[in-house]
Q: 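Here it is: the structure, laid out below.
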2 protein chains.
Amino acid sequence: MRKTFLFMDTVTNKVDAKGRVSLPADYRAIVKDTGSEIVCYRSLSAPCIEGCLEDLLDKLATDMENSLDFFSQEQDDISNLVFGDAKRYPFDSTGRIMLSDKLLKHAQIKDSAVFVGKGRKFQIWNPENWAKEEARIRAEVLKKRPSLKAQGGKE
Amino acid sequence: MRKTFLFMDTVTNKVDAKGRVSLPADYRAIVKDTGSEIVCYRSLSAPCIEGCLEDLLDKLATDMENSLDFFSQEQDDISNLVFGDAKRYPFDSTGRIMLSDKLLKHAQIKDSAVFVGKGRKFQIWNPENWAKEEARIRAEVLKKRPSLKAQGGKE
DNA sequence: TATTTTCCCATGATATACCATATTTATAAT
DNA sequence: ATTATAAATATGGTATATCATGGGAAAATA
């Protein structure tokens, strides 16, 4: 059993007519090693799909459960947005998951999807949207840290 | 055997003339895997039905039992409302439960029911009421976490 | 006996498991 | 470095199992 895991890298895979996509092999290895499951939901902050291990959400659920606000309104609200949208996405023997229409629509994905590692989480983007988002992020970071510009070669 | 158990997703099922509803398959899998039972009761805070595993209520009872507020009026009141109202809802071989009139009436459910995952709990709503509630929650959460709005994609 | 409740079967729709081929990546040999 | 060979991955297609749901028979209740 591995000690650490991180969703990394950026890989583009095809989405077929039924909504099936190959989960990147590295991601599958993480699922296998941790014995957990992939869970996906619509990002609250961007037009993309977000994914993580069920373990992560389970931790969240446990925290809420123990916070003694068992019947509090705010807890209800937060847990709704997360758990009401999330769903398990197990992959078949060939390594594919089947994304729901709801998710595909939210991320404007049709026949191609970009998996972007985010450490404990990952995101799935429409390729064009991701290109823009990546540019946005780079610009943002350079604005805040002009020193980086000097070092920076091109990719 | 799975490590984690979470009620997730939002699914709409029909309620037939006899009051039968299919419990979402994922929920049934949880019941099966844990060997526990589904327990439902009228939500204290909203016009909906609330459900969870009997295990969870047992944990709640234990927590109350051990808490310093064991003799507080408030705790007494809450536990009265919950335990006095809760009841087991086993599902048949086709995966359906039969909700009581009391519950259906409280949630204003007639021929369609929305199951909303809440992590360790779930709720069952009348579709129209749920639509309103979801809108309310989104507005509420965005108000409290403006950062989400700022980054925001559309939708 | 009338009414309700609990099972069980039937069916269309959908998701899942599986097989086959293509493509890519890694490994070894020259 | 180049080519050959092998392994792993991605993807298309199809069969199979599962699910939601309608209907009805048997059992229980009043």
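Below, read A as the first sequence line, B as the second, and so on, with proteins coming before strands; counting in each chain starts at 1. Just so it is clear, the model here is predicted, and its values are computed rather than measured. Values reported hereafter were calculated over all heavy atoms of this structure, with side chains retained and with hydrogens, waters and symmetry mates removed.
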Q: According to ring pair (Phe, Tyr, Trp, His ring centres under 6.0 Å), who are the partners of A:Phe83, at least two apart in sequence or on a separate chain?
A: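 Partners of A:Phe83 under the ring pair (Phe, Tyr, Trp, His ring centres under 6.0 Å) test: none.
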Q: D:dT14 C1' sits how many Å from A:Asp16 CG, rounded?
A: 13 Å
Q: From the 5' end of DNA chain C to its 3' end, which nucleotides mark the outer limits of contact with chain A, defined by a 4.0 Å heavy-atom distance cut-off (strictly under)?
A: C:dA15 to C:dC19
Q: Quick check on DNA chain D: between A:Pro24 and B:Val15, whose nearest nucleotide comes earlier from the 5' end?
A: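 Between the two, 5'-proximity favours A:Pro24.
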Q: Does the pair B:Lys121/B:Glu50 count as a salt bridge with the N-to-O cut at 4.0 Å?
A: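 Looking at B:Glu50 together with B:Lys121, the answer is yes, because their closest N to O distance falls below 4.0 Å.
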Q: What is the distance from CZ of A:Arg20 to P of D:dA10, rounded to the nearest Å?
A: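 That distance rounds to 14 Å.
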Q: So that I can tick it off, tell me whether A:Glu128 and A:Lys132 are bridged by a salt bridge, with the cut-off set at under 4.0 angstrom between side-chain N and carboxylate O.
A: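 Between A:Glu128 and A:Lys132 there is no salt bridge, as every charged N stays at least 4.0 Å from the carboxylate O atoms.
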Q: Which of these passes side-chain contact (heavy atoms from CB on, under 4.5 Å) with B:Ile124: B:Ile109, B:Val116, B:Val114?
A: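 One option only clears the test, and that one is B:Ile109.
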Q: Take atom CG of B:Asp92 and atom C1' of D:dG22, then tell me their distance rounded to the nearest Å.
A: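 To the nearest whole Å, that distance equals 13 Å.
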Q: For A:Lys18 and for B:Thr94, find the nucleotide of DNA chain C with the closest heavy atom, then tell me which residue's nucleotide is more 5'.
A: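 Looking at the nearest nucleotide for each, B:Thr94 comes out on the 5' side.
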Q: Starting at CG of A:Asn13 and ending at P of D:dG12, how long is that distance when rounded to a whole Å?
A: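 Atom CG in A:Asn13 sits about 11 Å away from atom P in D:dG12.
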Q: Within the structure shown, what part of the strands sits under 4.0 Å from A:Pro90 by heavy-atom distance: base, sugar-phosphate, or nothing?
A: nothing
Q: By the 4.0 Å heavy-atom rule, please label A:Leu23 as base, sugar-phosphate, or nothing.
A: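 The residue A:Leu23 makes sugar-phosphate contact but no base contact.
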Q: From CG of A:Asp111 over to P of D:dA10, roughly how many Å is that when rounded to an integer?
A: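 Between P of D:dA10 and CG of A:Asp111: 17 Å.
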Q: Quick one: side-chain contact (heavy atoms from CB on, under 4.5 Å) partners of A:Val82, sequence neighbours excluded?
A: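 A:Val82 satisfies side-chain contact (heavy atoms from CB on, under 4.5 Å) with A:Leu57, A:Leu60 once adjacent residues are dropped.
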Q: Calculate the interatomic distance between A:Met98 atom CE and D:dG12 atom P; express it in whole Å.
A: 15 Å
Q: To the nearest angstrom, how far is B:Phe115 atom CZ from D:dA20 atom C1'?
A: 11 Å
Q: Do other residues, nucleotides or ligands put more than 12 heavy atoms under 6.0 Å from A:Lys32 NZ?
A: no
